[in-house]
Number of protein chains: 2
Amino acid sequence: MCTWYLQVTSTKPGVMTETTQLTAAHRELIDQVFDKWSLQVLEALCEKPSRFNELRHAIPTVTQKSLTATLRRLERNGMIERVIISSRPIAVEYRITSLGGTLEDLIDALLHWSTAHMPAVQRARARFDDETPPPHDASS
Amino acid sequence: MCTWYLQVTSTKPGVMTETTQLTAAHRELIDQVFDKWSLQVLEALCEKPSRFNELRHAIPTVTQKSLTATLRRLERNGMIERVIISSRPIAVEYRITSLGGTLEDLIDALLHWSTAHMPAVQRARARFDDETPPPHDASS
DNA sequence: CCGTATCCATTCCGATACTG
DNA sequence: CAGTATCGGAATGGATACGG
């Protein structure tokens, strides 16, 4: 059983009365780093540094706007860095940072989990949808 | 370096021409299981089976509506199960399933990652916000 | 007690147009 | 090439009221 109260060793005595609980800030970080687009951007940048339009091509369903927002957010959180290659015309490369690199194993585990258990999930969905049919009563 | 093209051994020859790439379905599953509320619900249910109002109390910021939606989604994906204890007045208990239990290590890793690297993230944010101050030009 | 239904505010997101 | 600005529709989420 997991407890979800993480033991964090503090060098300052008296600062933490008990074990450190997860705060809203931790949740926020997880949300920002593991959301839909961020995950795909990080995957791509783990493979190789990429230009803006390379990323757009690698993630066909993302829009300019969302990609820009995602890149800024990841940059702000220190996961990626924005490197200006040349400026006429401007060329920008995005790279994963060493901090962002600590995510690699985690993302890898996430992706493997999803593929490993997808069949079971689909069975569960089929059963659920079968037991709970969509409500419509016009001709029942 | 990670490749993000997962090797899935198939018993049916010819079905997969190459390695299996992540599909939109995989992303959707990850989004549904690792989103904001789902994560907290799964944490709580990993600790112990809980009633509806217990969960509301354990996650103070969630509303009825969002909690219900999250529980239904997790149930549909086979991560949790809904057990009716008694029916006058109705009492319901939510429990993690064995499929949902496969998430425990993953969630644990996620939470540990967030606490381990939070200081570095905060430094990165401070630097970013410092270099990119909020734009206002009325009195510049 | 455990929800569903409804209304409403806010936020998100895609499409489009425009700039250095 | 790599964005920013703006707009409108869609989805989300909270508050409230009601039901089995």
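A note on names: the letters A, B, ... follow the listed sequences, proteins ahead of strands, and every chain is numbered from 1.
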Is a side-chain N or O of T70(B) found less than 3.5 angstrom from the main chain of S66(B), in a donor-acceptor match? yes
Test your reading of the model: is there a side-chain donor-acceptor pair from T97(B) to the backbone of E81(B), 3.5 Å cut-off? no
Nearest whole angstrom, please: distance from the [atom2] of [N] to the [atom1] of [X].
X      : N       : atom1 : atom2 : result
I80(B) : dC2(C)  : CD1   : P     : 14 Å
I90(B) : dC1(C)  : CD1   : P     : 12 Å
R88(B) : dC2(C)  : CZ    : P     : 15 Å
L71(A) : dC1(D)  : CG    : C1'   : 14 Å
L67(A) : dG3(D)  : CG    : P     : 8 Å
I85(A) : dA2(D)  : CD1   : P     : 10 Å
K36(A) : dA11(D) : NZ    : C1'   : 12 Å

Heavy-atom nearest pair, M79(A) first then I96(A), reads O-CG1, 3.6 Å
Taking atom CZ of R125(B) and atom CZ of R73(A), what is their separation to the nearest 0.5 Å? 10.5 Å
Taking the side chain of K65(A) as heavy atoms from C-beta outward, which of dG3(D), dC13(C), dA15(D) is closest to it? dC13(C)
Counting heavy atoms from C-beta on, name the nucleotide in dG14(D), dG14(C), dG3(C) closest to the side chain of W37(A). dG14(C)
Below 4.0 Å: OP1/OP2 of [N] and any side-chain N or O of [X]:
X      : N       : answer
S66(A) : dG14(C) : yes
R72(B) : dG3(C)  : yes
Y94(B) : dG3(C)  : yes
S87(B) : dG20(D) : no

Give R82(B) one of three labels, base, sugar-phosphate or nothing, depending on what nucleic acid heavy atoms sit under 4.0 Å from its own. sugar-phosphate
How are the rings of Y94(B) and F52(B) set relative to one another: parallel (under 30°), tilted (30 to 60°) or perpendicular (over 60°)? tilted
Side-chain heavy atoms of V62(B) within contact of V41(B), under 4.5 Å: no
Can you confirm whether R82(A) sits close enough to L71(A) that some side-chain heavy atom of one is under 4.5 Å from a side-chain heavy atom of the other? no
Could you check which residues of residues 49-64 of chain B get a heavy atom under 4.0 Å from DNA chain D? Sort them by number, please. T61(B), T63(B), Q64(B)
